[in-house]
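These numbers were taken from a predicted model, which means no experiment stands behind them.
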Amino acid sequence: MIEATYDMPIKVSVVIPVYNPGEYIEDCIASLLRQSLPDDEYEAIFVDDGSTDETPARLDRLAAEHPHMHVIHHQEGSGWSGKPRNTGIAAAKGEFIQFVDNDDWLGDEALERMYDYGVEHDADVIVGKMAGKGRPVPLELFRENRPRATVENAPLIDSLTPHKMFRKEFLDRCDLRYKEGRRRLEDHVFVTEAYLRAGNIAVLSDYLCYYHIRRDDASNAGFQRFDPVGYFTNLREALDIVERYTEPGPLRDRLYRRWLRNEMVERMRGQRLLKLPEDYRQELFREIHKVVVERFGPGVAAGLQPTQQIAAALIAADRLGDLEEFARWEAGIRPSGTLERLAWKDGKLEIGFSAEYLSGGEPITFRGDGDRDLIDPALPESTMEAVARLGADTSAPLGRSKVDLVVRERETAAEFFQPIELTRVKVPAEGRDGMSRQVLRATALVDPQAAAGGAELRAGIWDVLIRISSCGWTKETRLGSVRGEDAERGRTGALVGSPWRLVLPYWTTPHGNLSLDVDQKTKRFPIELTGLTEADATVRAGQAGLTVPLPLHLQDAGEATLRLAAPASKRKVTLAARLDARQGAGAVLTAELPMSELAGAQWRLDLSLPSSGKPKFAKLPLVVGVSEDGGAAVVRHEEASVADPATAPARPRPAASGQRSVLSRAADKVRRVLKR
């Protein structure tokens, strides 16, 4: 290990256990070198656990080049992450320790923000917002900042991975270390004890701190099939920690419920169960059944959602066959959403939609029973009789059903909830007496200047999806492939903020889902301008003034740039232009034409809007023809070519006959002017 001398105390030590990551460690290294904390205020400790690839040499070169990067080599691999993490804790000089896996990475300001937040709130544990690429991460926990979180007032127990920041003095005082050896769930044991013994826990949700990555080769340790006997033996150790630091009662039941729900019931539902080989399915069920009957009283399952209660009851009663019948029914359940309207209002995108669950392609229905609604799965009568005998509550808590709209950054998988107004509607099921369905109607408001947890949406592609939670199902689906005419009409781009940023809603190819292009990261903006069939007929030019209506929502008026190009002479002229809001909807582009400079040629028009990075020009489907004496100008329509077939929209419908005649007359006029 290379030692370094620092003038200032080290604020954070980052501990990274390493075993044969290959190229996947490069993103991790790059993110550590990009941290906003000064180099002398943090250190990274890579603990190589017997790697046999090129990683040890790579880390030695890194440590030689950067004094705050260190490497410790274990000559023989320990088989899991516990020992290298403990080695890193022992070597750490920082006030806080942040754990990072070698195939994950940090946000550029993660260490600085988490450290400052932890110091401000005197926290022993700081939990930073996570994004998962191919991996699940807790969502409800990060709806808001939680400066004083506990297992009682926040869903902390949903986040048991080690990727958090811990005060070193707290770890030493409590003698908190990871269990070592080749084992599962050592992070559950460590983090659960930290939660239950910490003086304060702070959850930072307004900055994306940690990117949890599934490798392309799916070789992350957490994705390998496990031995059920060993796995649930290790799981009992986490339950032992809860038992040691809590009293019997509602809190203990609620904490136990996390393992019953996530590690047991969810493994026994739908396709997740049915895809398992039969022998492995039986072995897994047997070990789960043992834990359930050994450790969980009735209060644990009682707090589950109805569909989870059904599965838990069948597990407890040792009825694998009935559980498989239930899984076959649940495997056909899908979330659905209809995009009903889009509209820009004061720089914010209003998205109106409806959502519900389907079973076998038809809306799920609920059976009325007095003032209750009951889940009515299409299961054999014997299975439902067994569920009833076991006392599972099948009443549907429809008053707690909800739907969220989330924008997800395609590059990083970062997700952010958007503000929403929700109405729950009970609809009689057609042709089925006593049955009803539930439709969730909602309106979400996406403000590009604040949609990323209070920050602006970064340049890139943001996919729009909805997440429906009802009766124990929480599933997500993309929004837009099923849509109404109001959504089609309202899908226009917008110029928001100061300076302007172009935000363009568009339909993805081939599925037609709604996504947002921020700052022209696709080639769709010029494609959108080719469809201005209505505006084309109203384009007009006088002696020197050009006016072009554009399908853009404009928050504030501002300046743009026009580039005129004459293909015949390869000449180009750049003009200052202005965009103003048009009465009713859209924007109007105006510019003064230098007639003498343009005389005697046809000019194609390209528009450039302010954006991040290098200016980008979008081709307008217009040609300006100027007479040889510069005394007259005429505009005609010209279809712009589509540069990227993968992003091309469907072929636009032909213009109405009256409109074609207007364009034809305009083209004839240009030819007459240029012949003079």
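Looking at Lys475 and Ser469, their side chains never bring a donor and an acceptor atom within 3.5 Å of each other. Under 3.5 Å, the side chains of Arg524 and Thr509 contain a donor-acceptor pair of N or O atoms. In summary, the side chains of Tyr42 and Gln35 do not present any donor paired with an acceptor at a separation below 3.5 Å, with no hydrogens or angles considered. Counted by atom type alone, Asp60 and His73 present one or more donor-acceptor pairs between their side chains at under 3.5 Å. When only modelled atom types and interatomic distance are considered, Thr161 and His212 share no side-chain donor-acceptor pair under 3.5 Å. The closest side-chain donor-acceptor pair between Gln555 and Asp346, if any, does not fall under 3.5 angstrom. Residues Glu43 and Ser13 bring a donor and an acceptor atom of their side chains to less than 3.5 Å of each other.
Looking only at distances, a side-chain donor or acceptor of Asp227 sits under 3.5 Å from a matching main-chain atom of Gly230. Between the side chain of Ser31 and the backbone N or O of Cys28 there is at least one donor-acceptor pair closer than 3.5 Å. In this structure a side-chain-to-backbone donor-acceptor pair under 3.5 Å is missing from Arg501 to Asp519. Arg478 places a side-chain N or O within donor-acceptor distance of the main-chain N or O of Leu514, the cut-off being under 3.5 Å. Judged purely by atom type and a 3.5 angstrom limit, Asn102 uses its side chain to pair as donor or acceptor with the backbone of Tyr19. Not one N or O on the side chain of Asp175 forms a donor-acceptor pair closer than 3.5 Å with the backbone of Asp172. For the pair Ser608 (side chain) and Lys616 (backbone), a donor-acceptor distance under 3.5 Å is present. A donor-acceptor pair is defined here as one N or O able to donate and one able to accept, closer than 3.5 Å; such a pair exists between the side chain of Gln418 and the backbone of Phe416.
Look at Lys11 and Glu95 and you find no salt bridge, because none of the NZ, NE, NH1 or NH2 atoms lies under 4.0 Å from a carboxylate O. Ion pairing between Arg173 and Glu169 holds under the 4.0 Å rule for side-chain N and carboxylate O. Checked for salt-bridge contact, Arg148 and Asp122 miss the test: no charged N lies under 4.0 Å from a carboxylate O. Between Asp404 and Arg143 there is a salt bridge, since a side-chain N of the basic residue sits under 4.0 Å from a carboxylate O of the acidic one. Salt-bridge check for Asp240 with Arg236: failed, with every basic side-chain N at 4.0 Å or more from each acidic carboxylate O. A salt bridge links Arg458 with Glu409; the closest basic N to acidic carboxylate O contact falls under 4.0 Å. Taking 4.0 Å as the cut-off between side-chain N and carboxylate O, Arg467 and Glu415 count as a salt-bridged pair. The residues Glu476 and Arg408 are annotated as salt-bridged, a charged nitrogen and a carboxylate oxygen being separated by less than 4.0 angstrom. A salt bridge is defined here as a Lys NZ or Arg NE, NH1 or NH2 lying under 4.0 Å from an Asp or Glu carboxylate O, and Glu140 with Lys402 meets this definition. Checked for salt-bridge contact, Arg267 and Glu263 meet the test: a charged N lies under 4.0 Å from a carboxylate O.
The distance from the CG atom of Leu111 to the CE atom of Met114 is 8.0 Å, given to the nearest 0.5 Å. Rounded to the nearest 0.5 angstrom, Ile16 CD1 and Asp103 CG are separated by 12.0 Å. Atoms CH2 and CG, from Trp462 and Asp517 in turn, are 12.5 Å apart once rounded to the nearest 0.5 Å. For the atom pair CE (Met69) and CD1 (Ile29), the distance works out to 8.5 Å, reported to the nearest 0.5 Å. Atom CG of Leu516 is separated from atom CD1 of Ile351 by 6.5 Å, given to the nearest 0.5 angstrom. Taken from OG in Ser81 to CZ in Arg183, the straight-line distance is 12.0 Å, to the nearest 0.5 Å.
Among residues two or more places apart in sequence or in another chain, the side chain to side chain contact (heavy atoms under 4.5 Å, CB included) test is passed with Asp116 by Glu112.
Heavy atoms of other residues, nucleotides or ligands lying less than 6.0 angstrom from CZ of Arg272 number more than 12.
Evaluated for a side-chain hydrogen bond (donor to acceptor under 3.5 Å, both in side chains) with Ser515, the options Thr508, Asp463, Thr522 yield exactly one hit, Asp463. When each of Lys83, Lys179, Arg85 is tested with Glu186 by the rule salt bridge (Lys or Arg N to Asp or Glu O under 4.0 Å), just one qualifies, namely Arg85. Looking at Leu495, Val503, Leu554 one by one, the single match for side-chain contact (heavy atoms from CB on, under 4.5 Å) with Trp344 turns out to be Val503.
Using the six-membered ring where Trp is involved, Phe96 and Tyr115 have ring planes that are perpendicular, over 60° apart on the 30 and 60° scheme.
The side-chain heavy atoms of Arg261 and Asp158, taken from C-beta on, include a pair separated by under 4.5 Å. Counting only heavy atoms from C-beta outward, the side chains of Leu235 and His188 never approach each other to under 4.5 Å. Residues Leu33 and Leu62 have side chains in contact (heavy-atom distance under 4.5 Å, counting atoms from C-beta outward). Between Arg135 and Ile213, the closest side-chain pair of non-hydrogen atoms is not below 4.5 Å. Side-chain contact check for Val191 versus Lys164: some heavy-atom pair is nearer than 4.5 Å. For the pair Lys345/His553, no side-chain contact is recorded, criterion being any heavy-atom separation below 4.5 Å from C-beta on. Between Leu607 and Thr561 there is no side-chain heavy-atom pair separated by less than 4.5 Å. Residues Leu204 and Arg113 have side chains in contact (heavy-atom distance under 4.5 Å, counting atoms from C-beta outward).
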From CA spacing to verdict: side chain to side chain donor-acceptor pair (under 3.5 Å), Asn20, Thr55: CA-CA 7 Å; Asn20 285 353; Thr55 303; 5.6 Å; no

Stepwise side chain to side chain donor-acceptor pair (under 3.5 Å) test for Glu193 and Tyr245: CA-CA 8 Å; Glu193 184 169 352; Tyr245 292 104; 3.2 Å; yes

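Checked against a 6.0 Å centroid threshold, the rings of His163 and Phe99 do not count as neighbours.
Relative to the ring axis of Phe226, Arg184 does not place its NZ or CZ within 45° and under 6.0 Å from the centre.
Contact record, Phe166 with Ala194: CE2-CB, 3.8 Å, taken as the closest heavy-atom pair.
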